[in-house]
Protein chains: 2
Amino acid sequence: MKRLAGVSASAKTSQASEEPRDSERIVGLTTHEEVYRRLRQQILYGGIKPGSAVTLRGLADELGVSSMPVREAVRRLIAERALLLQDNRRVMVPPMTRDTFEQILFARRALEPELAARALPKLTKKDIAAIEATDMAIDRAMRAGDTEGYMRANHQFHFSIYRKSEAWTLVALVESIWLQFGPFMRTAYGRIGTSTIEDHHEFALAAMNKGDVQGLRSAIDADIGQGMGFIGEAILTRAG
Amino acid sequence: MKRLAGVSASAKTSQASEEPRDSERIVGLTTHEEVYRRLRQQILYGGIKPGSAVTLRGLADELGVSSMPVREAVRRLIAERALLLQDNRRVMVPPMTRDTFEQILFARRALEPELAARALPKLTKKDIAAIEATDMAIDRAMRAGDTEGYMRANHQFHFSIYRKSEAWTLVALVESIWLQFGPFMRTAYGRIGTSTIEDHHEFALAAMNKGDVQGLRSAIDADIGQGMGFIGEAILTRAG
DNA sequence: CGGCGGCAAATGTGATCACAATTTTGGGTC
DNA sequence: GACCCAAAATTGTGATCACATTTGCCGCCG
């Protein structure tokens with residue numbers, strides 16, 4: 001088995017050879033790891049709508065693997081709170097509530113500025129240049145109205161900074177938090193559009209170039225508050 | 001199969017009243033859920049030493065279940081960072097490093113005082129009385145040198161407060177953090193003994209009785225700083 | 001006596017089957 | 001036409017088997 005090669009997000013897959021192609025034996029990725037990463041991306045960038053259900057056999061058929069790796073990947077995502085195991089033992093993308101949203105906002109402001117501050121002394125000129133390039137990609141996606149591209153680039157912008165802190169324990173906490181509001185973010189942007197977004201990345205980049213720790217903290221905090229407030233108002237006015 | 005506790009619930013009807021310990025609503029327990037909770041307790045209260053390896057078949061034989069539920073439980077604990085999947089694909093209790101320890105300390109101080117503050121307005125007289133009783137259990141365990149009893153009671157003291165906040169997203173984050181330093185804490189206390197512990201629970205209780213939010217925040221923060229600093233110095237001086 | 005190679009045991013991973021519980025569906029009654 | 005109940009399909013859970021990789025042990029050769 002182990003097809004899974006180039007299956008696109010929600011599109012129906014084209015029939016491929018059932019032979020296990022060992023072309024990518026270079027990376028020692030297990031099947032459930034691949035399934036995990038694929039599902040994770042779909043959730044993180046809004047490929048699956050909040051409230052929609054996922055089934056083990058459904059995912060297994062879609063990805064061309066047995067249900068075994070899917071079970072492990074789904075179990076892992078449930079533990080990370082990216083998926084929700086209901087009392088019926090059915091699995092769904094968790095719907096967002098006002099309470100959850102507010103707590104996520106608090107946790108982000110408590111952790112992410114700190115991560116940025118820890119990363120700052122370790123950022124090289126090349127790192128900052130790469131981050132600036134990512135920021136330009138964000139602008140391009142925003143102007144093009146490419147919601148998924150925006151979300152990917154925005155995620156990369158933040159975590160290419162945070163990862164430089166090498167504070168893996170805190171980074172893992174923040175990654176788990178992002179997984180929880182990903183689908184929700186997509187819904188918000190999909191409804192409002194990306195053209196009206198105005199982030200604080202310029203201030204963050206300026207602070208990075210100056211080595212201004214406190215300025216970077218403030219910029220990240222402001223970016224979180226602005227972006228989350230933006231999408232928070234956009235959706236939580238109807239249900240939460 | 002499904003031995004596990006001498007109770008062979010045939011999964012047909014909901015067997016009630018099995019575990020009076022952690023009072024959670026346990027009705028439709030699956031096998032992997034039972035395995036998960038058992039492993040979780042062992043890790044949280046130091047039943048397994050940091051660095052020691054666990055094997056799927058070993059746990060399965062020990063608990064009298066097949067490897068299937070163990071795989072799911074272990075996968076879940078890996079996702080929660082309570083266990084570590086090494087490159088060899090072997091699973092172990094993560095060893096503590098100075099960096100990880102410092103990040104856990106930061107995250108605890110960032111989140112737990114807030115949880116306590118959110119819980120305070122929802123605490124009834126009866127809740128506070130129960131928390132005081134738990135604190136007395138802590139003292140008893142401390143004087144008796146009962147390390148595991150102390151850890152259980154201390155865990156209960158903190159989380160019986162935090163859970164009252166009903167901020168489940170934040171509580172989940174903090175639970176994940178506790179899972180990560182549990183084994184380590186046990187090692188420290190086992191080496192030093194519990195008789196020298198001096199927590200700030202009295203101050204916390206006083207603040208709760210007065211409804212003093214800021215005082216409660218400070219007490220929890222001090223309790224974290226003191227306790228973590230204590231065990232931090234105790235061990236990280238040798239390796240980390 | 002110590003390093004080295006190879007063979008057996010142990011282990012993680014994936015697939016498949018069986019079963020219980022839930023959901024869905026279809027037909028029949030009022 | 002609405003409601004209800006039974007049968008069928010769907011789904012999650014657990015067990016077992018097969019296989020590749022890793023670990024550990026033991027003897028061999030230097």
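All of these numbers come straight from a predicted model, not from anything done at the bench. Hydrogens, waters and symmetry mates play no part in the numbers below; they use all other heavy atoms, side chains included. Within every chain, numbering begins at 1; the chains are lettered A, B, ... in the order of the sequence lines, protein sequences first and strands thereafter.
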Could you write out each protein N or O paired with an N or O of nucleotides 4-9 of chain D at a distance under 3.5 Å?
none

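Relative to the side chain of A/Thr55, the nucleotides D/dT11, D/dA15, D/dT23 differ in distance, and D/dT11 lies closest. Closest to the A/Thr30 side chain, of the nucleotides D/dG12, C/dA15, C/dG14, is C/dG14. The side chain of B/Arg57 sits closest to C/dT13 out of C/dT13, C/dA18, C/dT23. In this structure, the nucleotide among D/dG12, D/dA15, C/dT13 sitting nearest to the side chain of B/Arg89 is C/dT13.
Atom CZ in A/Arg90 sits roughly 17 Å away from atom P in C/dA20 (whole-Å rounding). Residue A/Leu85 contributes atom CG, which lies 9 Å from atom P of D/dG12 at whole-angstrom precision. The nearest whole Å value for the distance from the CG atom in A/Leu56 to the P atom in C/dT22 is 16 Å.
Between B/Ala110 and A/Ala110, the closest heavy-atom pair is CB-CB, 4.3 Å. In terms of heavy-atom proximity, B/Val65 sits nearest to B/Val70 at CG2-CG2, 3.8 Å. In this structure, B/Val93 and B/Pro183 approach most closely via the heavy-atom pair CG1-CG, 3.6 Å.
Two residues are said to be in side-chain contact when any heavy atoms from C-beta on lie closer than 4.5 Å; A/Thr97 and A/Glu102 fail this criterion. For the pair A/Arg76 and B/Arg76, the minimum side-chain heavy-atom distance is 4.5 Å or more.
Stacking of A/Arg118 on the aromatic ring of B/Phe106 is recorded, both the 6.0 Å distance cut-off and the 45° axial limit being met.
Residues from residues 68-84 of chain A lying near DNA chain D, meaning a heavy-atom separation below 4.0 Å, are A/Arg71, A/Arg75 in numerical order.
For residues 169-184 of chain A, the side chain to side chain donor-acceptor pair (under 3.5 Å) pairs, not counting sequence neighbours, are A/Arg40-A/Glu175, A/Glu112-A/Trp178.
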Candidate pair B/His32 and B/Tyr36, rule ring pair (Phe, Tyr, Trp, His ring centres under 6.0 Å), full reasoning: CA-CA 6 Å; B/His32 76 254; B/Tyr36 166 77; 8.5 Å; no

